[in-house]
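When a ligand or atom number is given, it counts from 1 through the structure's own listing order.
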Amino acid sequence: MKSAVALLVLLLCLCRTWAPTESRGVTENDITQLGDSKGGQIKRTEVESEVQGIEATHDQTSRQTNIWTELKELRDMAVEHRVELRNSKSKMEKLEQENTAQAAELSAIGARLTASEIENAVLEGRVSASEMEVEDLKRKNADRPKVAFSVGLTDAGQVGPFNTDITLKFSKVFTNIGQAYNPTTGIFTAPVRGVYYLRFTAWEERTLFWVGANLYHNDKRMTWNSDSNDDVGRVKMSNALALELQEGDVVYMLLPSGHGIWDDTYNRTTFSGFLVFPL
Ligand SMILES: *[C@@H]1O[C@H](CO)[C@@H](O)[C@H](O)[C@H]1NC(C)=O
């Protein structure tokens, strides 16, 4: 646009410079012709000068036409430039709008990213907390006391009756995880505070004998079990309890005085217990 305007101004200047030169040329010529005119020569000179004048006018007209054409072209160019400029401007505006939209999108993405980063951090925290919990549980599970025993009374057959109560020494050890049962004394000692499941089966095959086996917690009898084998058949009895024991509490079976009990290689009389869960 600027270059077009500059060109226009230059052309206008040139036009002004040319015009007076031409007119002056004609005027001088006329004067010269008039000054030199004498008699018959005057007419020829006049005609020549007229022809020259016409030619000059023609020249001038064609120059002006050229200038006008050029000016028109320049104007057209200027218009074209203006249109182009307007187009570029609208293109630029469109680009700016697109830019703004993209910036907004970017910032939205950024916000979303930040949110998911926070979420991620929270999840990571949770996962690491869970992992710690799992490790803690594993450790606790590993540290958890494992207690279970199953024992049989004897292979010797008859036991009792005696004049006093005696602790039954179950000497055949089937299972004794944690070594909480002592086969020498017949006493189970709770290694930790917890709930323990305890059960027994007692057998007698001698007729005319009372069979008995009572479960004790420390010095407290928990069950009284007695039956009389007054028939030809065998008698057997069983009982079970879930007991809350403190660490160091003891559980054992007592054979009451005047009662008998029987066991042999068939493992008929057994005593079992295990820790259900610590407290
Ligand atoms: C009694 O227990 C012992 C030791 O576990 C076993 O070898 C035996 O077979 C058992 N007796 C019977 C009759 O099952």
Side-chain angles (χ1 to χ4, degrees), residues 140-279:
K140 271 187 188 156
N141 201 40
D143 292 349
R144 205 180 99 175
K146 292 171 180 69
V147 187
F149 74 93
S150 264
V151 287
L153 188 58
T154 179
D155 280 344
Q158 62 184 56
V159 179
F162 302 106
N163 291 328
T164 56
D165 299 347
I166 62 140
T167 302
L168 289 168
K169 292 170 187 161
F170 291 81
S171 56
K172 296 186 289 185
V173 175
F174 303 132
T175 313
N176 193 11
I177 308 291
Q179 309 297 316
Y181 174 77
N182 184 340
T184 315
T185 59
I187 291 169
F188 169 78
T189 307
V192 290
R193 181 177 171 234
V195 173
Y196 293 80
Y197 182 80
L198 297 140
R199 57 123 18 243
F200 70 89
T201 298
W203 164 276
E204 181 56 88
E205 64 173 46
R206 291 170 286 171
T207 51
L208 304 172
F209 265 95
W210 280 88
V211 60
N214 299 329
L215 190 140
Y216 276 73
H217 172 198
N218 294 334
D219 53 4
K220 192 181 174 203
R221 192 178 61 220
M222 302 303 292
T223 61
W224 172 271
N225 311 285
S226 148
D227 201 357
S228 118
N229 191 4
D230 48 11
D231 204 351
V232 273
R234 286 100 181 188
V235 76
K236 63 172 184 272
M237 40 189 202
S238 65
N239 215 334
L241 289 171
L243 290 180
E244 185 183 332
L245 304 179
Q246 302 300 318
E247 187 183 334
D249 280 2
V250 292
V251 175
Y252 50 93
M253 302 292 301
L254 260 191
L255 177 69
S257 65
H259 289 69
I261 198 165
W262 183 281
D263 191 24
D264 51 29
T265 55
Y266 284 81
N267 310 320
R268 301 172 195 274
T269 296
T270 61
F271 179 34
S272 300
F274 55 85
L275 172 67
V276 181
F277 49 83
L279 288 170

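For ligand 1, the atoms sitting less than 4.0 Å from at least one non-hydrogen atom of Thr265 are 1 (C), 10 (C), 11 (N), 12 (C), 13 (C), numbered in the order shown with element in parentheses.
Ranking protein heavy atoms by distance to atom 2 (O) of ligand 1, first place goes to Asn267 ND2, 2.4 Å. Scanning all protein heavy atoms for the shortest distance to atom 4 (C) of ligand 1 gives Phe174 CE2, 3.8 Å.
Counting non-hydrogen atoms of neighbouring residues, nucleotides and ligands closer than 6.0 angstrom, the NZ atom of Lys172 exceeds 12 such neighbours.
Exactly one of Phe174, Phe271, Phe170 qualifies for a side-chain contact (heavy atoms from CB on, under 4.5 Å) with Phe149. That residue is Phe271.
The protein does not reach atom 9 (O) of ligand 1 closely, with no heavy atom under 4.0 angstrom from it.
Under the 3.5 Å distance criterion, with hydrogens and angles disregarded, a donor-acceptor pair is assigned to the side chains of Ser272 and Ser150.
Of the possible polar contacts, none joining the Asp264 side chain to the Asp155 backbone as a donor-acceptor pair under 3.5 Å is found.
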| Does the ring-ring contact (aromatic ring centres under 6.0 Å, His included) test come out yes or no for Tyr197 and Phe274, once each step is laid out? | CA-CA 5 Å; Tyr197 182 80; Phe274 55 85; 5.4 Å; yes

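Close N/O approach between Tyr266 and ligand 1 is not found [any backbone or side-chain N/O within under 3.5 Å].
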